[in-house]
**Q** 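Please find one structure pasted underneath; my questions will follow.
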Amino acid sequence: MKKNLIIFGTRPEAIKMAPLVKEFLKHNNKFQTRVCITAQHREMLDQVLSFFEITPDYDLNLMKLNQNLYSLTADIITSLKPILEEFKPDYVYVHGDTTTTMAASIAGFYSGAKICHVEAGLRTFNKRSPFPEEVNRSVVGSVSDYHFAPTKISEQNLRNENIKDKNILVTGNTVIDALQFSIQKVTSSTFYDKEIENLKEIFNPNKKLILVTGHRRENHGQGFINICSALKQIAIKNTDVQIIYPVHLNPNVQKPVYELLANIDNVELIAPLSYPAFVWLMDKSYLIITDSGGVQEEAPSLGKPVLVMRDTTERPEAVEAGTVVLVGTNTEKIVKETTKLLTHQELYHQMSALHNPYGDGKSCERIVKFIEQL
Ligand code: UD1
Ligand code: UDP
């Protein structure tokens, strides 16, 4: 029996790895699968585990308030050693580009396991943007044995780095597997979610909803000040608009956002939402303004235009398809592009055309089949 250790630590990794955990557990006659969480995130990770009903086998419980990259990286590597030595996995699975991903891939490599990288091959070719993710995913790419690329573009990036074709599989993005699971669960007659009920109290169906999220490290400081200034102008100028912003728990985000945007009538600052509640709100939105990677992939599936508050993206597919526009953190540009989408119906309809370049919901099945035949 092949032994799998699936390691993750932050909210987006958990959302995108949850369907893989479930798929491997369906095949427990062939695989012994264990889950290890670093808990680089705590509350935001626990929200996801609870929705997907995943109980980790190991919980390193590493998050510290306003943690730094140096000690987090070191703590992850040292805390994984005893687990890797005791369980001796054949395969270690990591996702994407966080500090957990990078440190766990190195630890797994030290243990002698084969490293399997899910969401492999994304690149901006700018090592400072996103920071530190671009370097994290390049490091993971170089220690990985198997690369599960979400799209043809990410596959080509890996080929350009001389990764052999036989070690790359284009799978689609597992976020679509997660989204489909979530929509199915939320729409079942027995499902009740207190957060969705609370949101119904806040959400104003008579206004156009602009949903906002943001957290990127390279936007901390002046970037967030510019973003908040743009949101304030949009809210004040457009009284027919409601902005709902579930604010990331990072203190570098909480502080400017609550200082600059509290007490504006049509701006609702709320705590991070559970995954189903966030999906519910995305579906209700008119447009989304975000710097998130995952949200850029989900929104086109729901037919929602996205303005991305970044200068670079490793997800060019939706930009090429015209459903995503990069606006950076320039206040004027954010206001201008938002105003265009609020006033030009034709442009809005072009951008909201349903287009999903990121997968068909079967990515995890493909990954499991690939590992089965090794
Ligand atoms: C991290 C990842 C980023 C990913 C993002 C997803 C790194 C370097 N960054 O950024 O790639 O896109 O997660 O959201 O890996 N906090 C809480 N509770 C939580 C989560 C965070 O209080 O549940 C606070 C803590 O004070 C923590 C801080 O946020 O120290 C920063 O968390 P960290 O994971 O280091 O950075 P993120 O900005 O969340
Ligand atoms: N998300 C969530 N609750 C929220 C905001 C986002 O569940 O309040 C989900 C969202 O649907 C997406 C993921 O979190 O799947 C994105 O996480 P984040 O933006 O923190 O990280 P990134 O994708 O940029 O790495």
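We count ligands from 1, going down the list as the structure has it; atoms in each ligand are counted the same way.
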**Q** Under 4.0 Å, heavy-atom basis, I'd like to know which part of Gln67 is in contact with ligand 1: side chain, backbone, both or neither.
**A**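 For Gln67, the contact with ligand 1 is made by both the backbone and the side chain.
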**Q** Side chain, backbone, both or neither: which applies to Pro246 and ligand 2 if a contact is any heavy-atom pair less than 4.0 Å apart?
**A**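 Pro246 to ligand 2: side-chain contact only, backbone stays beyond 4.0 Å.
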**Q** Between ligand 2 and Phe278, is the shortest N or O to N or O distance under 3.5 Å?
**A**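 There is no such contact.
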**Q** Any N or O on Asp97 sitting closer than 3.5 Å to an N or O of ligand 1?
**A**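 Such a contact does not occur with ligand 1.
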**Q** Residue-level breakdown please: for Tyr275 versus ligand 2, do any non-hydrogen atoms fall below 4.0 Å on the side chain, on the backbone, on both, or on neither?
**A**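 Both backbone and side chain.
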**Q** Checking the N or O distance criterion of under 3.5 Å, is ligand 2 in contact with His248?
**A**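 His248 vs ligand 2: no N/O contact under 3.5 Å.
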**Q** What distance do Glu268 atom CD and Asp265 atom CG have between them, rounded to the nearest 0.5 Å?
**A**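 Output value for this atom pair is 9.0 Å.
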**Q** Under 4.0 Å from a heavy atom of Met63: which atoms of ligand 1 are those, numbered in the order shown and with their elements?
**A**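 With Met63 as reference, the close atoms of ligand 1 come out as 16 (N), 17 (C), 18 (N), 19 (C), 20 (C), 21 (C), 22 (O), 25 (C).
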**Q** Check the side chains of Asn252 and Asn66 for a donor-acceptor pair under 3.5 angstrom, ignoring hydrogens and angles.
**A**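 Asn66 vs Asn252: donor-acceptor pair found between side chains.
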**Q** Is it true that Glu372 and Lys369 have a side-chain N and a carboxylate O under 4.0 angstrom from each other?
**A**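 Answer for the salt bridge query: no.
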**Q** Can you tell me which residue and heavy atom of the protein come closest to atom 10 (O) of ligand 1, and the distance to 0.1 Å?
**A**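 Protein heavy atom at minimum distance: Arg217 NH1, 3.8 Å.
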**Q** Please work out whether any backbone atom (N, CA, C, O) or any side-chain heavy atom from C-beta onward of His215 is under 4.0 Å from ligand 2, and answer side chain, backbone, both or neither.
**A**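 Contact part for His215 vs ligand 2: side chain (C-beta onward).
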**Q** Nearest 0.5 Å please: distance from the CD1 atom of Ile371 over to the NZ atom of Lys30.
**A**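 Those atoms lie 13.5 Å apart.
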**Q** Just let me know how Lys16 lines up against ligand 2, side chain, backbone, both or neither, with a heavy-atom cut-off below 4.0 Å.
**A**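 Neither; no heavy atom under 4.0 Å.
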**Q** Could you see which bit of Pro130 sits under 4.0 Å from ligand 1, with heavy atoms only: side chain, backbone, both or neither?
**A**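 No part of Pro130 comes within reach of ligand 1.
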**Q** Hey, is CD on Gln67 packed in by over 12 heavy atoms from elsewhere, all under 6.0 Å?
**A**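 Yes, enclosed.
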**Q** What protein heavy atom sits nearest atom 16 (C) of ligand 2, and how far off is it?
**A**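 So the nearest neighbour among protein heavy atoms is Ser292 OG, 3.5 Å.
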**Q** How many angstroms lie between OG in Ser111 and CG in Leu5, if you round to the nearest 0.5 Å?
**A**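 If I round to the nearest 0.5 Å, the distance is 8.5 Å.
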**Q** Among Glu13, Arg11, Glu133, His41, find the one that has a side-chain hydrogen bond (donor to acceptor under 3.5 Å, both in side chains) with Thr98.
**A**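 Output: one option passes, namely Glu13.
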**Q** Give me the residue, atom name and distance of the protein heavy atom closest to atom 19 (C) of ligand 1.
**A**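 Ranked first by proximity to atom 19 (C) of ligand 1 is Glu43 OE1, 3.4 Å.
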**Q** Where's the contact between Thr98 and ligand 1, heavy-atom distance under 4.0 Å: side chain, backbone, both or neither?
**A**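 Within the 4.0 Å criterion, Thr98 contacts ligand 1 through backbone and side-chain atoms alike.
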**Q** When you compare ligand 2 with Thr213, is there at least one nitrogen or oxygen pair between them that comes in under 3.5 angstrom?
**A**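 So ligand 2 has no N or O lying under 3.5 Å from an N or O of Thr213.
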**Q** Can Lys26 and Glu365 be counted as an ion pair, charged N to O under 4.0 angstrom?
**A**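 So Lys26 does not pair with Glu365 through a salt bridge.
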**Q** Out of curiosity, Leu45 CG to Phe8 CZ, how far, rounded to the nearest 0.5 Å?
**A**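 It is 6.5 Å, given to the nearest 0.5 Å.
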**Q** Among Glu13, Gln254, His215, which one has a heavy atom closest to atom 5 (C) of ligand 1?
**A**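 Looking at heavy atoms only, the winner is His215.
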**Q** Is Met282 close to ligand 2, meaning an N/O of one under 3.5 Å from an N/O of the other?
**A**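 In fact, backbone or side chain, Met282 has no N or O that close.
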**Q** To which of Asn250, Thr73, Thr100 does the heavy atom nearest atom 28 (C) of ligand 1 belong?
**A**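 Ranked by closest heavy atom to atom 28 (C) of ligand 1, first place is Asn250.
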**Q** Which residue supplies the protein heavy atom nearest to atom 11 (O) of ligand 1, what is that atom called, and how far is it?
**A**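 Nearest protein contact, heavy atoms only, for atom 11 (O) of ligand 1 is Glu133 OE2, 2.5 Å.
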**Q** Take atom CZ in Arg128; do more than 12 heavy atoms of anything else shown fall under 6.0 Å from it?
**A**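 Atom CZ in Arg128 is not packed in, count stays at 12 or less.
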**Q** How does Lys64 reach ligand 1, if at all, at less than 4.0 Å between non-hydrogen atoms: by side chain, backbone, both, or neither?
**A**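 Backbone only.
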**Q** Answer with side chain, backbone, both or neither: which part of Leu69 has a heavy atom less than 4.0 angstrom from an atom of ligand 1?
**A**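 For Leu69, only side-chain atoms sit under 4.0 Å from ligand 1.
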**Q** Regarding ligand 1, does Met44 bring an N or O atom to under 3.5 Å of one of the ligand's N or O atoms?
**A**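 Met44 vs ligand 1: N/O contact under 3.5 Å present.
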**Q** Could you check atom 8 (O) of ligand 2 against the protein and tell me its nearest heavy-atom contact, residue, atom and distance included?
**A**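 Of every protein heavy atom, Leu273 N, 2.8 Å lies nearest to atom 8 (O) of ligand 2.
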**Q** Can you report which non-hydrogen protein atom sits closest to atom 8 (C) of ligand 1, along with the distance?
**A**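 The closest one turns out to be Thr99 OG1, 3.1 Å.
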**Q** What are the atoms of ligand 1, with element, lying closer than 4.0 Å to any heavy atom of Arg216?
**A**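 Every atom of ligand 1 under 4.0 Å from some heavy atom of Arg216: 11 (O), 12 (O).
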**Q** Of all the atoms in ligand 1, which lie at a distance below 4.0 Å from a heavy atom belonging to Arg42?
**A**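 So the answer, numbered in order with elements, is 19 (C), 23 (O).
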**Q** Would you say the rings of Tyr91 and Phe31 are close, in the sense that their centroids are separated by under 6.0 Å?
**A**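 Centroid distance Phe31-Tyr91: not below 6.0 Å, so no.
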**Q** Specify the protein heavy atom at minimum distance from atom 24 (C) of ligand 1: its residue, its atom name, and the distance to 0.1 Å.
**A**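 Here the closest protein heavy atom is Leu249 O, 3.6 Å.
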**Q** Is Lys3 positioned over the aromatic face of Phe87, cation under 6.0 angstrom from the ring centre and no more than 45 degrees off axis?
**A**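 Yes, a cation-pi geometry holds between Lys3 and Phe87.
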**Q** Is Glu298 touching ligand 2 with its side chain, its backbone, both, or neither, if touching means heavy atoms under 4.0 Å apart?
**A**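 Contact part for Glu298 vs ligand 2: side chain (C-beta onward).
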**Q** What's the shortest distance from atom 39 (O) of ligand 1 to any protein heavy atom, and which residue and atom give it?
**A**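 Scanning the protein heavy atoms, the shortest distance from atom 39 (O) of ligand 1 goes to His41 NE2, 2.6 Å.
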**Q** Is it true that Tyr286 and Tyr348 have ring centroids separated by less than 6.0 Å?
**A**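 Yes - the distance between ring centres of Tyr286 and Tyr348 falls below the 6.0 Å cut-off.
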**Q** What closest approach, in Å, do Tyr245 and Val253 show between heavy atoms, and which atom pair accounts for it?
**A**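 Heavy atoms only, the tightest pair is OH-CG1, 4.0 Å.
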**Q** Under a 3.5 Å cutoff, is there a donor and acceptor pairing between the side chains of Gln222 and Asn226?
**A**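 Per modelled atom types, Gln222 and Asn226 side chains form a pair under 3.5 Å.
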**Q** For atom 20 (O) of ligand 2, what is the closest protein heavy atom, and at what distance to 0.1 Å?
**A**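 Protein heavy atom at minimum distance: Arg11 NH2, 2.8 Å.
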**Q** Do me a favour and list the nearest non-hydrogen protein atom to atom 25 (O) of ligand 2 with residue, atom name and distance?
**A**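 Nearest neighbour among protein heavy atoms for atom 25 (O) of ligand 2, to 0.1 Å: Pro12 CG, 3.4 Å.
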**Q** Drop me the distance from Phe278's CZ to Thr213's OG1, to the nearest 0.5 angstrom.
**A**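 Result: 5.0 Å between the selected atoms.
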**Q** Is it true that, when you exclude Glu86 itself, more than 12 heavy atoms of the residues, nucleotides or ligands shown sit nearer than 6.0 Å to its CD?
**A**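 Count over threshold, so yes.
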**Q** Starting from atom 26 (O) of ligand 1, locate the nearest protein heavy atom and write down its residue, its atom name and how far away it is, to 0.1 Å.
**A**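 Result: Asn66 N, 2.8 Å.
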**Q** Among protein heavy atoms, which lies nearest atom 23 (O) of ligand 2, and at what distance?
**A**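 So the nearest neighbour among protein heavy atoms is Gly294 N, 2.7 Å.
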**Q** Just how far is it from atom CG of Leu261 to atom NZ of Lys232, taken to the nearest 0.5 Å?
**A**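 Leu261 CG to Lys232 NZ: 7.5 Å, rounded to 0.5 Å.
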**Q** Counting only heavy atoms, which portion of Pro272 has something under 4.0 Å from ligand 1: side chain, backbone, both, or neither?
**A**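 The answer is neither; Pro272 stays 4.0 Å or more away.
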**Q** Among the heavy atoms of Arg216, does any lie under 4.0 Å from an atom of ligand 2?
**A**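 Under 4.0 Å: yes for Arg216.
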**Q** Under 4.0 Å, heavy atoms only, figure out whether ligand 2 is touched by the backbone of Ile15, its side chain, both or neither.
**A**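 It is the side chain that touches ligand 2; the backbone stays farther off.
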